[in-house]
> 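One structure, as structure tokens, below. Some questions next.
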Amino acid sequence: MKGRRSCEVCGIHAESSCTGCFNVFYCGVEHQKQGWTNHKKTCSKPYTVETDKVAGRVMVAARNMEPGDIILKEKAALVGPNIDSSSKPVCLGCFSSLEVKFVLCAVCSAPLCSPACKDKPLHKEECKILKQNPDALYSVIKNGTVIKRKKIPKNANFQIVLVLRGLLLKSLDVKKFKAVTSLQSHVEEREEMGKTQEVTEKILPIIQQYKIQTAYEDMIQSLCGIFDTNCFELFPSGAGDTVSGVFPAAAMMMHSCYKNTRLTFSDDHVLTLLARTKVKKGDRLYHTYARTFNPTNIRRIGLFSGKHFSCECVRCVDPTELGTYLSAVLCSCGGKVLAENPLDLTGSAACVCTSCKKKTPSLQIASQERNIMLEYQEIPRDDVVSLENFVEKFTNTLHPNHAFITEAKKATQRCIRKLSWIHFPQPQSGQVIEKRSILSAHFGTCICSRTRDIHTERIDFVRAVEG
């Protein structure tokens with residue numbers, strides 16, 4: 001009897017699957033060719049794209065799937081530095097960090113990590129455009145005047161690179177270009193939020209210093225909207241920063257803060273979409289475009305401002321967040337304070353203590369969460385003392401499972417594990433107490449019992465939410 005991962009031709013164990021349906025396996029190329037004559041009659045994608053009156057195009061399962069089943073493999077149509085001016089200096093050929101050393105491209109003066117990256121596929125085509133005006137990539141516009149700056153990575157306008165690559169895609173691959181430009185741009189919503197003005201001031205004047213036939217304002221605004229709404233965040237091995245990737249097929253997935261899929265990315269910018277849970281034929285496929293460990297208010301506000309939709313998923317509508325209490329704060333009586341209606345952030349919305357029934361305005365809780373988030377973001381992730389102090393400071397304010405408390409504990413755990421490995425590359429069980437003593441001396445303080453408890457705490461809700 002053939003197993004689920006048995007070669008369709010000979011029946012032996014096989015790892016390679018059909019790249020169309022991912023549901024039939026082969027032991028090698030020869031048997032894949034041999035089996036294609038029959039298989040092509042029934043081969044079909046594991047998903048279909050349907051149209052919803054409210055959500056637009058959505059991805060739907062075309063068959064029943066088990067956790068780990070491959071749904072889609074897709075090479076990025078475009079990949080490049082983020083368009084929001086937040087990108088750290090990276091090589092335009094391979095995305096390596098340029099904070100320590102760099103070279104300028106011998107042809108166009110773009111920042112690279114080595115002369116060899118001049119001919120890398122990512123940079124090769126844009127190099128022909130950038131060489132028209134090597135100063136433009138480093139220039140700044142003030143009061144309508146172009147001001148030249150020194151050609152060093154920190155002065156480079158990395159925010160134009162993805163836009164430039166998008167404009168060039170039309171002449172390189174029309175099919176991919178059409179797939180990218182068919183994605184939602186939300187230009188009208190972006191205009192209301194002032195985002196189009198940022199493009200007009202920071203991207204358009206730089207791009208227009210080059211001779212590109214398609215570089216008119218409407219196209220650039222549309223591309224920026226598409227990138228802002230649809231990009232996935234990638235972090236290739238050795239990269240100096242996260243980069244943005246556009247995957248038109250994967251972009252058809254709907255959002256949910258409780259997803260039924262998971263993503264992996266290879267260093268050659270291939271996205272693999274897998275089932276995270278059991279999926280039935282006809283189920284919609286969901287991915288999350290928000291940070292998993294953010295409270296409901298912050299997730300929903302971020303999605304509305306960045307992706308231009310209001311999330312009303314199963315997690316967001318539940319005051320307990322599916323029993324995880326990732327957004328719960330504590331009342332002065334010690335009870336859990338939960339939103340009466342998590343989707344309501346109007347002036348009349350309230351959160352109520354489950355014990356004493358005291359009510360607090362939801363906007364007050366949201367403001368408190370924002371301030372705590374900003375404080376947490378200021379803490380270096382390798383500063384164990386500050387992380388522990390943060391947990392201790394908000395022990396009586398936030399529920400023990402609150403997103404920020406959980407994040408701080410996870411960061412502390414990672415840091416301790418890393419330092420433990422440095423001191424004891426091959427730790428023995430009898431070294432645990434000595435290890436803690438060394439770490440305590442290293443930080444000049446005792447590692448509090450709360451941190452040690454991390455190793456024994458049950459945090460099943462983390463696995464439930466993150467997958």
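Only this structure's heavy atoms are used, side chains among them; waters, hydrogens and symmetry mates stay out.
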> Should we say atom CD of Q132 is surrounded by more than 12 heavy atoms from elsewhere, each under 6.0 Å from it?
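More than 12 heavy atoms, drawn from other residues, nucleotides or ligands, come within 6.0 Å of this atom.
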> With a cut-off of under 6.0 Å to the ring centre and 45° to the axis, is R381 in cation-pi contact with Y376?
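Judged by the rule (NZ or CZ under 6.0 Å from the ring centre, within 45° of its axis), R381 counts as positioned above Y376.
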> How long is the span from the OG atom in S310 to the CZ atom in R300, to the nearest 0.5 Å?
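These two atoms lie 4.0 Å from each other.
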> Between E74 and A250, is there a donor-acceptor pair closer than 3.5 Å when you use the side chain of the first and the backbone of the second?
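Yes, because the side chain of E74 sits within donor-acceptor range (under 3.5 Å) of the backbone of A250.
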> Could you tell me whether the side chain of V146 reaches within less than 4.5 Å of the side chain of I206, counting heavy atoms only?
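Not in contact.
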> Have H123 and E125 got a donor and an acceptor in their side chains that come within less than 3.5 Å?
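The criterion, which ignores hydrogens and geometry beyond distance, is not satisfied for E125 and H123.
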> Going by heavy atoms in the side chains, are L271 and K73 under 4.5 Å from each other?
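No; the side chains remain at least 4.5 Å from each other.
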> Side-chain atoms of residues 214-227: list all donor-acceptor pairs with protein atoms under 3.5 Å, sequence neighbours left out, distances to 0.1 Å.
residue : atom : partner : partner atom : Å
E217    : OE2  : T200    : OG1          : 3.4
Q221    : NE2  : T196    : O            : 3.0
Q221    : NE2  : T200    : OG1          : 3.2

> Set out, in order, the CA-CA distance, both residues' side-chain angles and the distance that settles side chain to side chain donor-acceptor pair (under 3.5 Å) for T145 and N143, then state yes or no.
CA-CA 6 Å; T145 303; N143 299 321; over 6 Å; no
> Can you list the steps and then say if F265 with F247 is a ring-ring contact (aromatic ring centres under 6.0 Å, His included)?
CA-CA 11 Å; F265 296 95; F247 300 85; 5.8 Å; yes
> Give me the atom names and distance for the closest heavy-atom approach of G80 to V243.
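In terms of heavy atoms, the two residues are closest at O-CB, 3.5 Å.
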> Has the side chain of N155 got a donor or acceptor atom that lies under 3.5 Å from a matching backbone atom of K150?
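Present.
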> Using only atom types and a distance under 3.5 Å, with no angle test, would you say the side chain of H255 pairs donor to acceptor with the backbone of Y289?
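Between the backbone of Y289 and the side chain of H255 there is a qualifying donor-acceptor contact (under 3.5 Å).
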> How long is the gap from CZ on R165 to CG on L78, to the nearest 0.5 Å?
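These two atoms lie 8.5 Å from each other.
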> When rounded to the nearest 0.5 angstrom, what is the spacing between CD1 in I160 and CD1 in I207?
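Output value for this atom pair is 4.5 Å.
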> Quick one: does any side-chain atom of N82 pair with a main-chain N or O of D84 as donor and acceptor, under 3.5 Å?
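It does not hold such a pair.
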> Rounded to the nearest 0.5 Å, how far apart are CG of L273 and CG of L285?
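Here the rounded value is 6.5 Å.
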> Evaluate the side chain to side chain contact (heavy atoms under 4.5 Å, CB included) criterion for residues I141 and I147: first the C-alpha distance (whole Å), next the side-chain angles of each, then the deciding distance (0.1 Å), finally the verdict.
CA-CA 6 Å; I141 312 297; I147 300 175; over 6 Å; no
> Apply side chain to side chain donor-acceptor pair (under 3.5 Å) to S256 and R315, showing your working.
CA-CA 8 Å; S256 173; R315 180 180 167 192; over 6 Å; no
> When you compare the side chain of I372 with that of E369, does any pair of heavy atoms fall below 4.5 Å?
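Result no, sub-4.5 Å side-chain heavy-atom pair not found.
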> Kindly determine whether S139 and Q209 satisfy side chain to side chain donor-acceptor pair (under 3.5 Å), including the steps that lead there.
CA-CA 10 Å; S139 66; Q209 292 182 63; 3.1 Å; yes
> With side chain to side chain contact (heavy atoms under 4.5 Å, CB included) as the criterion, how do T261 and Y286 come out once you've worked through the C-alpha distance, each side chain's angles and the decisive distance to 0.1 Å?
CA-CA 6 Å; T261 66; Y286 295 100; 5.7 Å; no
> Going by salt bridge (Lys or Arg N to Asp or Glu O under 4.0 Å), name the pairs with one or both residues in residues 195-207, residues two or more places apart or in two chains.
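Residue pairs passing salt bridge (Lys or Arg N to Asp or Glu O under 4.0 Å), neighbours aside: K195-D228.
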> Return the minimal non-hydrogen interatomic distance between T406 and P400, and the atom names on each side.
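Shortest heavy-atom separation between T406 and P400 comes out as OG1-O, 4.3 Å.
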> Quick one: do T412 and E388 satisfy side chain to side chain contact (heavy atoms under 4.5 Å, CB included)? Show the steps, please.
CA-CA 7 Å; T412 306; E388 288 187 330; 4.3 Å; yes
> Using a strict threshold of under 4.0 Å (side-chain N to carboxylate O), is an ion pair present between D52 and R284?
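Yes, this pair counts.
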> Sub-3.5 Å donor-acceptor pair from the side chain of K118 to the main-chain atoms of G93, do we have one?
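Such a contact is absent between K118 side chain and G93 backbone.
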> Side chain to side chain donor-acceptor pair (under 3.5 Å) for E321 and T296? Distances and angles first, verdict last.
CA-CA 8 Å; E321 293 202 54; T296 297; 3.1 Å; yes
> Provide the closest heavy-atom pair for S244 versus L234 in the form atom of the first, atom of the second, distance.
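Taking S244 first and L234 second, the nearest heavy atoms are C-CD1, 4.3 Å.
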> Can you name the nearest heavy-atom pair linking C43 to C18, along with the distance?
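Where C43 meets C18 most closely, the heavy atoms are SG-SG, 3.6 Å.
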> Heavy atoms only: give me the nearest K120-C94 pair and the separation to one decimal.
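Residues K120 and C94, closest heavy atoms: NZ-CB, 4.1 Å.
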> So F404 and N294, side chain to side chain contact (heavy atoms under 4.5 Å, CB included) or not? Walk me through it.
CA-CA 7 Å; F404 299 143; N294 266 345; 4.0 Å; yes
> Between N157 and L137 (side chain of the first, backbone of the second, donor and acceptor by atom type, cut-off under 3.5 Å), is there such a pair?
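Yes, because the side chain of N157 sits within donor-acceptor range (under 3.5 Å) of the backbone of L137.
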> Is there a donor-acceptor pair closer than 3.5 Å between any side-chain N or O of Y138 and the backbone N or O of K154?
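No: the side chain of Y138 does not pair with the backbone of K154.
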> Show, in sequence, the C-alpha distance, side-chain angles and deciding distance for H402 and Y325, and conclude whether the ring-ring contact (aromatic ring centres under 6.0 Å, His included) test is met.
CA-CA 6 Å; H402 192 281; Y325 297 100; over 10 Å; no
> Is NZ or CZ of R276 both nearer than 6.0 Å to the six-membered ring centre of Y258 and within 45° of the ring axis?
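The answer is yes, since R276 meets both limits relative to Y258.
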> Hey, does the side chain of D267 reach the backbone of S237 with a donor-acceptor pair shorter than 3.5 angstrom?
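Judged by distance alone, yes, a pair lies under 3.5 Å.
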> Any side-chain to backbone donor/acceptor pair from D383 onto S386? Under 3.5 Å, distance only.
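Judged by distance alone, yes, a pair lies under 3.5 Å.
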> For R370, does the CZ atom sit with more than 12 other heavy atoms under 6.0 Å from it, leaving out its own atoms?
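No, the 6.0 Å shell around CZ holds no more than 12 heavy atoms from other groups.
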> With a 4.5 Å cut-off on side-chain heavy atoms, are H269 and P236 touching?
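Yes; the side chains approach each other to less than 4.5 Å.
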> Where the side chain of D241 meets the backbone of K88, is there a donor-acceptor pair that is under 3.5 Å apart?
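Checked: pair present.
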> State the NE2-OH distance between H31 and Y26, to the nearest 0.5 angstrom.
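H31 NE2 to Y26 OH: 11.0 Å, rounded to 0.5 Å.
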> Taking the side chain as every heavy atom from C-beta outward, state whether L263 and F232 have any atom pair closer than 4.5 Å.
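Yes; the side chains approach each other to less than 4.5 Å.
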> Nearest 0.5 Å please: distance from the NZ atom of K175 over to the NZ atom of K178.
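Here the rounded value is 10.5 Å.
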